[in-house]
> 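Here it is: the structure, laid out below.
The structure presented is a predicted model; accordingly, all values stated were derived computationally and were not measured.
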Amino acid sequence: MENVYIMDHPLIKHKISMLRDKNTGTNEFRKLVEEIGILMGYEALRDLPTEEVEVETPIETCKTPMIAGKKLAVIPVLRAGLGMVNSILTLVPSAKVGHVGLYRDPVTHEPHEYYCKLPESIDERIAVIVDPMLATGGSGEAAIDFVKKQGGKNIKFMCIIAAPEGLKRLHEAHPDVQIYCGSLDRELNENAYICPGLGDAGDRIFGTK
């Protein structure tokens with residue numbers, strides 16, 4: 001699928017395997033999510049626009065590239081997406097941060113919005129939406145809808161694991177959005193959980209059940 005990128009870096013694969021382990025504790029799980037986000041962000045931000053600026057080195061003055069345009073926006077889907085925010089901020093410390101709050105209906109598994117706050121001038125920024133899990137695709141689709149409704153045009157979506165059903169839905173709904181997945185898993189089960197998956201990312205990041 002065009003604009004869909006499945007990561008194949010051995011470090012990402014290794015760290016996702018550690019995430020899957022039910023014996024991985026909260027602190028280690030949280031650190032792994034952030035580390036995976038950094039590795040994925042490095043790839044996802046490969047096409048950031050740059051411009052030549054003049055810099056004085058200890059030797060001489062030179063023209064050298066720096067990131068151009070409005071500051072990046074990183075937008076976590078609450079609450080699990082919060083675990084990937086520092087990943088992007090590590091790479092681009094000047095990035096602005098927005099938030100999209102969604103909860104999943106326990107019966108229909110469809111998303112419902114309860115909060116949306118985005119940086120100003122979102123139409124001039126590259127928006128990176130982050131959520132560790134892409135299951136049914138409903139939350140990802142809704143989050144992108146919100147960003148587009150507020151003027152967002154250049155949007156990327158990053159998830160650590162995805163189900164084929166959710167990836168297909170998200171790509172069909174927003175074919176213009178670049179989607180980056182750490183791993184494409186086998187399927188969704190009857191409760192709309194990713195298999196083999198890693199459990200509930202939000203619970204494991206924040207130590208709740």
> May I ask you to say whether Glu43 pairs ionically with Arg46, meaning some side-chain N is under 4.0 Å from a carboxylate O?
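Counted as a salt bridge, because a side-chain N and a carboxylate O are separated by less than 4.0 Å.
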
> Could you check whether any side-chain N or O of Asp200 sits under 3.5 Å from a backbone N or O of Gly202, counting only pairs where one atom can act as donor and the other as acceptor?
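Yes.
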
> Quick check: does any side chain N or O of Arg204 sit under 3.5 Å from a backbone N or O of Leu19, one acting as donor and the other as acceptor?
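Looks like yes, one N/O pair under 3.5 Å.
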
> To the nearest 0.5 Å, how far apart are OG in Ser183 and CG in Leu198?
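Spacing of OG (Ser183) from CG (Leu198) equals 9.0 Å.
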
> So, does Thr61 use its side chain to make a donor-acceptor pair with the main chain of Glu56 at under 3.5 Å?
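Not a single qualifying donor-acceptor pair exists.
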
> Test side chain to side chain contact (heavy atoms under 4.5 Å, CB included) on Thr90 and Glu34 and set out the steps.
CA-CA 9 Å; Thr90 297; Glu34 186 171 332; 4.2 Å; yes

> Is Ile160 close to Ile16 at the side-chain level, that is, under 4.5 Å between some pair of heavy atoms?
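In contact.
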
> Check whether any side-chain N or O of Arg20 sits under 3.5 Å from a backbone N or O of Gly197 as a donor-acceptor pair, and report yes or no.
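Yes, because the side chain of Arg20 sits within donor-acceptor range (under 3.5 Å) of the backbone of Gly197.
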
> Answer yes or no: is there a donor N or O on one side and an acceptor on the other, between the side chain of Lys15 and the main chain of Glu35, under 3.5 Å?
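Absent.
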
> Pairing donors with acceptors under 3.5 angstrom, does anything connect the side chains of Ser121 and Asp123?
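On atom types as modelled, these side chains do not qualify, holding no pair under 3.5 Å.
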
> Check the surroundings of atom CD in Glu52: do more than 12 heavy atoms from other residues, nucleotides or ligands lie under 6.0 Å from it?
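Enclosed.
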
> Are the side chains of Ser94 and Val92 in contact, using a 4.5 Å heavy-atom criterion?
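Of all side-chain heavy-atom pairs linking Ser94 with Val92, at least one is under 4.5 Å.
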
> According to the interplanar angle, ranging from 0 to 90°, do the rings of Tyr180 and Tyr5 count as parallel (below 30°), tilted (30 to 60°) or perpendicular (above 60°)?
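Tyr180 and Tyr5: parallel rings.
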
> Less than 4.5 Å apart, side chain to side chain, heavy atoms only: is that true for Met133 and Ile194?
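Met133 reaches Ile194 side chain to side chain.
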
> Just do the side chain to side chain contact (heavy atoms under 4.5 Å, CB included) check on Ile144 and Leu170 with the steps written out, would you?
CA-CA 9 Å; Ile144 294 170; Leu170 191 63; 3.6 Å; yes

> Quick one: do Arg169 and Glu165 make a salt bridge, cutoff under 4.0 Å?
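Glu165 and Arg169: not salt-bridged.
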
> Any heavy-atom pair between the side chains of Asp47 and Gln178 that's under 4.5 Å?
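Sidechains of Asp47 and Gln178: in contact.
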
> Can you tell me how far the OH atom of Tyr42 sits from the NE2 atom of His9, to the nearest 0.5 Å?
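Separation between the atoms: 9.0 Å.
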
> Looking only at atom types and distance, does a side-chain atom of Arg30 sit under 3.5 Å from a main-chain N or O of Ile205, one as donor and one as acceptor?
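Side chain of Arg30 to backbone of Ile205: a pair is present.
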
> Roughly how far apart are Leu167 CG and Ile6 CD1, rounded to 0.5 Å?
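One gets 5.5 Å once the value is rounded to the nearest 0.5 Å.
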
> Within a reach of under 6.0 Å around NZ of Lys96, are more than 12 heavy atoms found that belong to other residues, nucleotides or ligands?
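Count not over threshold, so no.
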
> State, without any angle test, whether Thr208 and Arg79 hold a side-chain donor-acceptor pair at a distance under 3.5 Å.
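Thr208 vs Arg79: donor-acceptor pair found between side chains.
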
> Any side-chain heavy atom of Phe157 sitting closer than 4.5 Å to one from Val128?
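Not touching, per the 4.5 Å side-chain cut-off.
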
> Give a yes or no on whether Lys153 atom NZ has more than 12 heavy-atom contacts from other residues, nucleotides or ligands under 6.0 Å away.
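Yes, enclosed.
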
> Out of curiosity, Gln150 CD to Leu118 CG, how far, rounded to the nearest 0.5 Å?
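One gets 4.0 Å once the value is rounded to the nearest 0.5 Å.
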
> Do Lys22 and Thr24 pass the side chain to side chain contact (heavy atoms under 4.5 Å, CB included) test, and can you show the C-alpha distance, the side-chain angles, and the key distance before you say yes or no?
CA-CA 6 Å; Lys22 67 178 184 180; Thr24 298; over 6 Å; no

> Dump the intermediate steps for side chain to side chain contact (heavy atoms under 4.5 Å, CB included) on Ile75 and Ile122, then the final yes or no.
CA-CA 11 Å; Ile75 303 166; Ile122 193 68; 4.2 Å; yes

> With heavy-atom distances below 4.5 Å as the criterion, would you say the side chains of Thr50 and Met66 are in contact?
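No, their side chains stay 4.5 Å or more apart.
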
> Using 0.5 Å steps for rounding, measure from the CD1 atom of Ile126 to the CD1 atom of Ile67.
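Spacing of CD1 (Ile126) from CD1 (Ile67) equals 8.5 Å.
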
> Is any side-chain heavy atom of Val100 closer than 4.5 Å to one of Leu78?
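No, every pair of side-chain atoms sits at 4.5 Å or beyond.
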
> Do the non-hydrogen side-chain atoms of Asp185 and Pro196 ever get within less than 4.5 Å of each other?
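They are in contact (side-chain heavy atoms under 4.5 Å apart), so the answer is yes.
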
> Report yes or no: does Asp131 contribute a side-chain atom to a donor-acceptor pair with the main-chain N or O of Cys159 at less than 3.5 Å?
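No, Asp131 side chain to Cys159 backbone: no donor-acceptor pair under 3.5 Å.
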
> Can a donor-acceptor pair be found, under 3.5 Å and without considering hydrogens, that links the side chain of His174 to the backbone of Asp176?
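No; judged by distance alone, with no hydrogens or angles, the pair does not exist.
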
